[in-house]
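To find a chain, count down the sequence lines: A is the first, B the second, and so on, and within it residues start at 1.
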Amino acid sequence: MSEVFYITTPIYYVNARPHLGHAYTTIAADVAARFARMQGKDTYFLTGTDEHGDKIVKAAAKEDKSPRTYVDAISAEFRKLWPELSITHDQFIRTTDPEHIRVVQYLLQKIYDAGDIYFSEYEGLYCYGCERFYTEKELVDGKCPDHLTEPEKIQEANYFFRMGRYQEWLVDYIHKNQDFIRPERYRNEILAFLREPLEDLCISRPVSRLQWGIPLPFDDRFVTYVWFDALTNYVSALGYPEGDKFTTYWPAAQHIVAKDIIKPHGIYWPTMLKAAGIPVYTHLNVHGYWNIAETKMSKSLGNVVDPLAMKNTYGSDTFRYFLMREMVFGLDASFSEEALVTRINADLANDIGNLFSRVIAMTHKYYGGKVPAPHGTKTASMDFGLKAGALQATETFEEQMPLMAFHKALMAVWAFIGQLNKYIDATAPWELQKNGQQAELDTVMYNLLEGLRIVTGLISPVMPETSVKMQQHLGLEDSQPVRLETLKQWGCLPSGHTLPKAIRLFPRIETKTDADTTPPPPPAPRGLKDAKPAIGIEDVGRMDLRVGHIIRAEAIKKSEKLLKLQVSLGEEIRQVVAGIAQDYSPESLIGLQVTLVANLKPAKLMGVRSEGMILAANGENGLCLASFDRPVQAGSIVK
RNA sequence: GGCGAUGUAGCUCAGCUGGUUAGAGCAUGCGGCUCAUAUCCGCAGAGUCCGGGGUUCAAGUCCCUGCAUCGCCA
């Protein structure tokens, strides 16, 4: 095994704010990086933002900003988000970084000098609305499918990268390196694509059409376009061509990407590297999409899951665990808060949280919190396959993690957690205590704590915060990063030291069952006391509020609070029952202007029909009717 | 239209090169324990392994075909 590990996420295009997909990719890369560190590898983890291109210019214009101001703002959002999700990247690169720009130009020049970039003039159908060319086939009735206008035939010249030249080499390379692109389905997709002749890649845009880009070093009338700029980040970040980091880490490079960008990463990038004389990366790891399930809980979220909101509601570790456990790397998965809550309660609260809690609690009960010493061979019968189970879990974990099979790795850990819970049942420490079987009890309790030590280590790449918390409660030195090697050895937990009291690692989340069909309220927008859930303008619009003039008022017999009012809305007169008798006498109301909810369903109060509702403030000195500071025509709309 | 993938318990999915009564988690029902976050442990029910052919002593697993869903390409 190599001693070095270099992992990257794609650099995220800043025409949109961070969403679930970004979070997943980045967390997956972080988990891989943390695992590599756990293996003792010299690890480098890169992420960043992609900031050039016409979409950015447009998005910036929409917000009335310069591209620079705009990309600074969105890029900052990504940069601020990652620490919230416990992301431990070593570098955050931006394609607007001067060092990156220099490397892109260096690389372009190098490939240009080698003769793999050429200039070519061509004629095409151009839609000015879309600012792009269309092929005949893409058009609908000869018109742009977006703008429904006929594109114009224009001539343009651009620079092209001779990608086709490397097609054979690439096919051959993919055949020789079975796991170059993985999982296999995406490898097959790339190979299928490569069965057709590979066209050369247009890598420029004339400055007349786009200024927000990196100028070609050999022709300043052009800037480089999208992929050439973006992909280069993986080497520019390392200081290619001569940086130490490049020399050290590049040979161990791995990329993680979502399936929508496999072509640039699986085809453009390897051929670019080949043309530049750079060895290709070792693995392209491709994952699927998160489908957002429309459920009761998530309706209010719309179709975008905000990673930060998830973290704030459920916690970073929990969110990370869910994403890693729920998705089979490579396949699509569906996201719903219901599924998330199910995982939290079942896997985290019940399985691991409760296990941790009960073991620590027993340690306090039986030993005053002091870790007992095991009794070795004398109590060997108390093993119940626990040591073997621990090793099995660790080995499976070690096997699956480098394959990005996070769900399988976690399943192995949970199998061991299940075994620990069974172990408690089988050994029944409370019985041992009652029967005075001290040696057995010592061994059992030590084994449980030791088992927890291993669990703590195994979950650390996925749930770093929880892992640290557990380590502290097991009396382990948290300053020491967890090493995989120590998880394969049984008996590393020292005896004799005193543990802190147990804590709830993962509180259960109470779910409302059946009866509750209304979605739980989204958080109130402000910190008001008794704040109600947020509503949209359409909800406000549903209320028909009117100015009413009170023309008659009388008390309702046997009621202390209610008054019967006749309220004029101009065209009609409404009878309204109002609960204001304690603060207003009937006489005092005549002629007052009030606010009336005019479309409230009629109801009977104390046997009296009421066709609306008068609004009033509930102040310290009783009720105060919502009135108007000037005369307003009865029936006027209030909004 | 071409290529490919998938279709297994109510839900989400494991089932490698074909071989005993088809598995796990969640959900459901019952039982047990009491150390623990009303948690944990055990048991149970439930599946024509998409339909139809075929190869084989033996097929969820291989072949053909149909249907459905999805992806890539055009």
Side-chain angles (χ1 to χ4, degrees), chain A residues 135-139 181 183-199 258-264 266-267 286-291 293 295 318 321-322 325-336 338-367 369 384 396 399-400 405 407-415 417-434 441 444-445 447-449 452 466 473 501-511 513-514:
Chain A
T135 61
E136 297 274 4
K137 286 175 198 157
E138 285 175 303
L139 299 176
I181 298 167
E184 202 184 354
R185 56 198 305 140
Y186 299 110
R187 174 177 182 267
N188 292 339
E189 239 172 60
I190 293 287
L191 283 172
F193 185 81
L194 287 170
R195 277 201 285 272
E196 304 295 320
L198 196 55
E199 286 182 21
K259 64 183 183 183
D260 56 334
I261 47 174
I262 55 171
K263 225 199 283 177
I267 296 174
V286 186
H287 68 77
Y289 290 153
W290 282 97
N291 298 308
T295 63
T318 304
Y321 173 77
F322 176 78
R325 176 62 186 80
E326 195 77 2
M327 178 175 266
V328 177
F329 193 91
L331 303 180
D332 290 358
S334 75
F335 183 94
S336 73
E338 273 146 354
L340 175 60
V341 168
T342 300
R343 283 276 174 217
I344 293 173
N345 284 344
D347 296 4
L348 301 182
N350 292 355
D351 290 350
I352 189 175
N354 183 56
L355 170 68
F356 177 75
S357 164
R358 67 200 297 213
V359 171
I360 301 286
M362 281 193 278
T363 309
H364 278 276
K365 206 163 192 170
Y366 304 144
Y367 300 97
F384 288 88
T396 306
E399 200 177 289
Q400 299 298 337
H407 72 296
K408 283 190 187 169
L410 287 169
M411 279 165 73
V413 179
W414 257 255
I417 289 169
Q419 199 185 351
L420 285 165
N421 271 321
K422 283 195 219 328
Y423 182 77
I424 297 180
D425 221 59
T427 57
W430 50 93
E431 291 290 331
L432 298 174
Q433 155 84 0
K434 224 186 282 170
L441 183 64
V444 163
M445 287 310 301
N447 283 350
L448 284 168
L449 289 163
L452 280 178
T466 303
H473 282 262
K501 287 272 185 194
I503 45 160
R504 280 185 186 225
L505 292 175
F506 305 101
R508 281 182 69 79
I509 295 170
E510 292 312 320
T511 50
T513 44
D514 38 31

- Pick base, sugar-phosphate or nothing for R508(A), based on heavy-atom distances below 4.0 Å to the nucleic acid. base
- Task: Starting from C1' on rA36(B), measure out to CG on N421(A) and report it in whole angstrom.
- Result: 9 Å
- With rounding to whole Å, what would you report as the distance between rG66(B) and rA27(B) at their C1' atoms? 34 Å
- Return the 5'-most residue of the pair R343(A), L348(A) with respect to RNA chain B, ranking by each residue's nearest nucleotide. R343(A)
- Note on the structure: Minimal heavy-atom distance between R508(A) and N345(A), with the atoms involved, is CA-OD1, 3.4 Å
- Query: Roughly how far apart, to the nearest Å, are rC70(B) and rA24(B) at atom C1'?
  - Reply: 25 Å
- Query: Say you draw a straight line from CG of D347(A) to CZ of F506(A); how long is it, rounded to the nearest 0.5 Å?
  - Reply: 10.0 Å
- Item | Nucleotide paired to rC62(B) in any strand shown, Watson-Crick or G-U, under 3.5 Å | rG54(B)
- First of D351(A) and K434(A) reached from the 5' end of RNA chain B, by closest nucleotide: K434(A)
- Item | Distance in angstrom units between L505(A) CG and rA36(B) P, rounded | 16 Å
- Message: Tell me the interatomic distance from L331(A), atom CG, to rC13(B), atom P, rounded to whole angstroms.
- Response: 8 Å
- Closest to the side chain of T342(A), out of rU39(B), rC26(B), rC40(B), is rC26(B)
- Between CD1 on residue I352(A) and CD1 on residue I417(A), distance to nearest 0.5 Å: 4.0 Å
- Task: Ignoring backbone atoms, establish whether K263(A) has a side-chain N or O less than 4.0 Å from OP1 or OP2 of rC73(B).
- Result: yes
- Query: Which whole number of Å gives the distance between the P atom of rA9(B) and that of rG23(B)?
  - Reply: 14 Å
- Message: With rounding to the closest Å, how many angstrom separate the P atoms on rA36(B) and rU48(B)?
- Response: 45 Å
- Message: Looking at N350(A), I'd like to know whether one of its side-chain N or O atoms comes within less than 4.0 Å of OP1 or OP2 on rC40(B).
- Response: yes
- Roughly how far apart, to the nearest Å, are rG19(B) and rA58(B) at atom P? 14 Å
- Message: When the P atoms of rC13(B) and rU8(B) are compared, how many Å lie between them, rounded to an integer?
- Response: 9 Å
- Query: Rounded to the Å, how far apart are M362(A) CE and rC33(B) P?
  - Reply: 17 Å
- Please give, in whole Å, the distance from rC72(B) C1' to K259(A) NZ? 10 Å
- Message: OP1 or OP2 of rC3(B) versus the side-chain N and O atoms of R195(A): is any pair under 4.0 Å?
- Response: no
- Message: Say we look at rG25(B) and rU65(B): how far apart would their C1' atoms be, to the nearest angstrom?
- Response: 35 Å
- Message: Under 4.0 Å, heavy atoms only, any strand: does D332(A) hit a base, just the sugar-phosphate, or nothing?
- Response: nothing
- Task: Answer with base, sugar-phosphate or nothing: what part of the nucleic acid does A361(A) contact at a heavy-atom distance below 4.0 Å?
- Result: sugar-phosphate
- Item | Non-hydrogen atoms of M327(A) and Y289(A) that approach each other most closely | CE-O, 3.4 Å
- Apply side-chain contact (heavy atoms from CB on, under 4.5 Å) to the pair L191(A) and I181(A), showing each step before the final yes or no. CA-CA 10 Å; L191(A) 283 172; I181(A) 298 167; over 6 Å; no
- So does K422(A) get a side-chain nitrogen or oxygen closer than 4.0 Å to the phosphate oxygens (OP1/OP2) of rG42(B)? yes
- Using the P atom as the reference point in each nucleotide, state the distance between rG60(B) and rC16(B) in Å, no decimals. 12 Å
- Message: Using Watson-Crick or G-U wobble geometry with both distances under 3.5 Å, which nucleotide pairs with rA38(B)?
- Response: none
- Starting at CD of E189(A) and ending at P of rG2(B), how long is that distance when rounded to a whole Å? 18 Å
- If pairing requires Watson-Crick or G-U wobble contacts with both distances under 3.5 Å, which nucleotide is the partner of rU20(B)? none
- Does a side-chain heavy-atom distance below 4.5 Å link I344(A) with F322(A)? no
- Here the distance between atom C1' of rC26(B) and atom CH2 of W414(A), to the nearest Å, is 15 Å
- Message: My understanding is that a pair needs two contacts under 3.5 Å, Watson-Crick or G-U wobble. By that rule, which nucleotide pairs with rC72(B)?
- Response: rG2(B)
- According to the Watson-Crick and G-U wobble definitions, with both distances under 3.5 Å, which nucleotide is paired to rC43(B)? rG29(B)
- Query: If you take all heavy atoms of L355(A) and I424(A), which pair is closest and at what distance?
  - Reply: CD1-CD1, 3.8 Å
- Message: Students often get this wrong, so: under 4.0 angstrom with heavy atoms, is F506(A) touching a base, only sugar-phosphate, or nothing?
- Response: base
- Note on the structure: Atom CD1 of I262(A) and atom C1' of rG71(B) are separated, to the nearest Å, by 9 Å
